[in-house]
Amino acid sequence: MICVDTETTGLYLQHGCTAFSIGVYDGNTFTHSTVPVSPRSRARTCSHTQEIKDRIRSAETIVMHNARFDIKALCEAGVFSWDDPVDPAFWRRVIDTIHLAHLHNSTDRLSLDNLTALYLEKEYPQEDELVTTVNLCRALVRKLELDWDIAREDGEHCSFRMCGSNTEWNRMDYWLPAAVLESIPVSLRPNLPNARLSRVLLEYLQADVTNTFELAQFFFHQILVKHGDKSEELLNINRQLDHVLWKMEYKGVWLRSQETRAAIESCYHYINHLKQECLSLSGLDRLTDTTIRILLFENWSLPVVSQTKKGNYSVNAETLLRLHRDAEPDSTAYRFLGSYLSLKKYEKKLQFLQSYLNNRTGKGHLHPSFHASGTNTTRFSSSNPNIQQVTKAGNPYEDDAPYVANYLRKSPSLRSCFGPAPGHWWLDCDYSQLQLRIFAYVANEQGMIDAFNKGWDAHDYVARCIFSLRDTETPTKAQRRIAKNVNFGFIFGASPKKIEQTAGIRGLWSTVTSLFPNAHAFIEETKAYIQRHGLVYTVGGYPLALKDYLNKHTGEYEKAAHAGVNYIVQGAEGVIVKRAMRLCDDYLTSEYPEGRIVLQCHDELVFEFPAYFPKKHVWNIVNLMEQAASEYGIHAPVDPELCTQSWNKSVKVQR
DNA sequence: GACACCAGCAT
DNA sequence: CCCGTGCTGGTGTCA
């Protein structure tokens, strides 16, 4: 077993970089080498570079912290080929301490230094010194415009691609490798203590690999003691997707550049107009939270709606919307608030659109990162960009603020900027009401389960129960909304008070508990369990810690208790969807390699296939996703939709 | 420049 | 206080 860590050049790998420092630790000795990856690199090649590469290649077990990140670097450095990690067998010898740490305690901050401090009770070598040293070097490189192939953020001046492979998809930002530090001529570094230059970095590299090694041992021991024979199965919940995520990140998501540019134009058009209007209505010279706060609550003396955590008067959308509705129609405040709300929406949208365009690689793909251990609950997180927060079409003010809605009606949909690459189609598979179904099943609420099985709408069903409607009656819009609040309250583990507050009905909770006795009992049992054990188990036995539990004596316990219900439900969702992804990827690999998973959005999987692909694959995928849920005892139907143009326009697939 | 706060987007 | 989990970006403050 060896531990491997890499330190990469400090700018964007997507535009090329100079060299990597690679550290290896086998439990006894630490060795390192710097591997130049650019043909023009001035980094010195260490004599034992080849030896290190061979050791990594032939190692039986490689332990890394956040393995996908370092493996990208190792591919860049030529240790592995870019296709190696596509094979699930490749990952059988990779142990990722981030997965171990997540299983050990899912609420820990999973950074190496934090885990080291927590469990090894060790200090890192002078991180401050490393940071300042590296920053000095970067500044020096920038200032003197040295002729090193260190990539630049703007990318325009650095066009070469390394190793003839697709290296555009990955961004890294970290330290300068030791060889680069050493190669700065002594005469050019008056502020840098010579001997320390690379020593600091190497100390850090050594600390990283040895700590990773020790953490792996610690976590393995803890996990085996706690979970015994189930350890492998539990670890597999995240490990099973290592190669799947590799492929997803590598191939990326197609961005429709034309639509994106058009959407940006459209945003600018409205922003210019609305900004002028806001400025002239308010007499302000700039629009920030602070100036708005003064304008509304001091100059205009509008009533305070709520306060922020720090005690400032809130100026969020909810507040502004209420003030807008309470204002005299056509008054200055009314018009200002309406325009400002619309302006903010457009500005937010523009922000997203520009980030998409900026993150795009040469061929027009975005390459979001997916983090299997990125949440407390086993759900995924996504970043650069976060593909899980791309807005659907819709006008949030359509119902209750026509003045605002009017401005937003032509607002572009962000999902329309994504879609299948030319010549392809997307298959978009959604679990229907997955979270609510999970809740019904884990709470063993038979009436709800029956309703689901009959194909009823969950919100309608609960509305009928609460308002004791006859079969012939349909719930009103308001009744449905209240039922929706109750349902979400169940899922989120909201407190009775909160549920009654959002629904606006006092005494609602006692109605609900009598209507759904098992659900109520489940919530109470969960709370009692948390009080005793400080954690919950979701389906499949994966433990989910509750970080606020330790503070229970200071009142945080109640919070943790309510969160516990939510953890079980979200955790089950995460586990099920991960299983589904693995099943679908296995299926595609063996039966239809032209297809692939493009992205995951919590209860939604998106696949890309060649246009006019055989329809049978739709139903096989649907069946596999449903199978994943049923393996955990949950019946959850999947609705397949087809996108031929954009993510925003999908058509239900008929049986 | 680092950091905290506030906000807004998703499921 | 009591609705969970994430990510990103702008603003303002502080050193």
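In what follows, chains carry the letters A, B, and so on, assigned in the order in which the sequence lines appear, proteins first and then strands, with residues in each chain numbered from 1. Because only heavy atoms are used, hydrogens play no part in the values below, and waters and symmetry mates are left out as well, while side chains stay in.
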Under 4.0 angstrom, heavy atoms only, what part of the nucleic acid is [X] near: base, sugar-phosphate, or nothing?
{"X": "A:F380", "answer": "nothing"}
{"X": "A:K344", "answer": "nothing"}
{"X": "A:K349", "answer": "nothing"}
{"X": "A:V565", "answer": "nothing"}

Between [options], spot the one nearest the side chain of [X], thanks.
{"X": "A:N386", "options": "C:dG12, C:dC7, B:dG8", "value": "C:dC7"}
{"X": "A:K392", "options": "C:dG12, B:dT11, C:dT5", "value": "B:dT11"}
{"X": "A:R415", "options": "B:dA10, C:dG12, C:dG4", "value": "B:dA10"}
{"X": "A:T288", "options": "C:dT8, C:dG12, C:dG10", "value": "C:dG12"}
{"X": "A:Q351", "options": "B:dT11, C:dT5, C:dG10", "value": "C:dG10"}
{"X": "A:A563", "options": "B:dT11, B:dA7, C:dG4", "value": "C:dG4"}
{"X": "A:R293", "options": "B:dC6, C:dC7, B:dC9", "value": "B:dC6"}
{"X": "A:S383", "options": "B:dA7, C:dG12, C:dT8", "value": "C:dT8"}
{"X": "A:T375", "options": "C:dT5, B:dT11, C:dT8", "value": "C:dT5"}
{"X": "A:T290", "options": "B:dC9, C:dT5, C:dG12", "value": "C:dG12"}

Whole-Å gap separating [atom2] ([N]) and [atom1] ([X]):
{"X": "A:L287", "N": "B:dC6", "atom1": "CG", "atom2": "C1'", "answer": "16 Å"}
{"X": "A:N312", "N": "C:dT11", "atom1": "CG", "atom2": "P", "answer": "16 Å"}
{"X": "A:L414", "N": "B:dT11", "atom1": "CG", "atom2": "P", "answer": "12 Å"}
{"X": "A:H371", "N": "C:dT5", "atom1": "NE2", "atom2": "P", "answer": "18 Å"}
{"X": "A:K348", "N": "B:dA7", "atom1": "NZ", "atom2": "C1'", "answer": "7 Å"}
{"X": "A:K310", "N": "C:dT13", "atom1": "NZ", "atom2": "C1'", "answer": "11 Å"}
{"X": "A:N376", "N": "C:dG6", "atom1": "CG", "atom2": "C1'", "answer": "9 Å"}
{"X": "A:Y313", "N": "B:dA7", "atom1": "OH", "atom2": "P", "answer": "14 Å"}

- Item | Under 3.5 Å donor-acceptor, A:Y431 side chain and A:M625 backbone |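 Yes, the answer is positive, given that a donor and an acceptor are paired below the 3.5 Å cut-off.
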- Check the pair A:E249, A:S369 against side chain to side chain contact (heavy atoms under 4.5 Å, CB included), reporting the backbone distance first and the verdict last. CA-CA 6 Å; A:E249 292 187 356; A:S369 296; 3.8 Å; yes
[X] side chain near [N] phosphate (N/O to OP1/OP2, under 4.0 Å):
{"X": "A:Y567", "N": "C:dT5", "answer": "yes"}
{"X": "A:N384", "N": "C:dT8", "answer": "yes"}
{"X": "A:T308", "N": "B:dC6", "answer": "yes"}

- Message: Let's go through A:Y356 and A:F418 carefully: what are the C-alpha distance in whole Å and the side-chain angles of both, what is the deciding distance for ring-ring contact (aromatic ring centres under 6.0 Å, His included) to 0.1 Å, and is it a yes or a no?
- Response: CA-CA 10 Å; A:Y356 298 151; A:F418 295 90; 5.0 Å; yes
- So, A:K392 and A:E604, do they make that salt bridge, N to O below 4.0 Å? no
- Go through the steps for A:W300 and A:F336 under the test ring-ring contact (aromatic ring centres under 6.0 Å, His included), then give the verdict. CA-CA 12 Å; A:W300 289 356; A:F336 171 80; 5.6 Å; yes
- Query: Has the side chain of A:Q570 got a donor or acceptor atom sitting under 3.5 Å from an opposite partner on the base of C:dG4?
  - Reply: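 Answer is yes: a donor-acceptor pair is held.
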- Task: Could you tell me which residues satisfy side chain to side chain contact (heavy atoms under 4.5 Å, CB included) with A:E259, sequence neighbours excluded, listed by chain and number?
- Result: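 Listed in chain order: A:R256.
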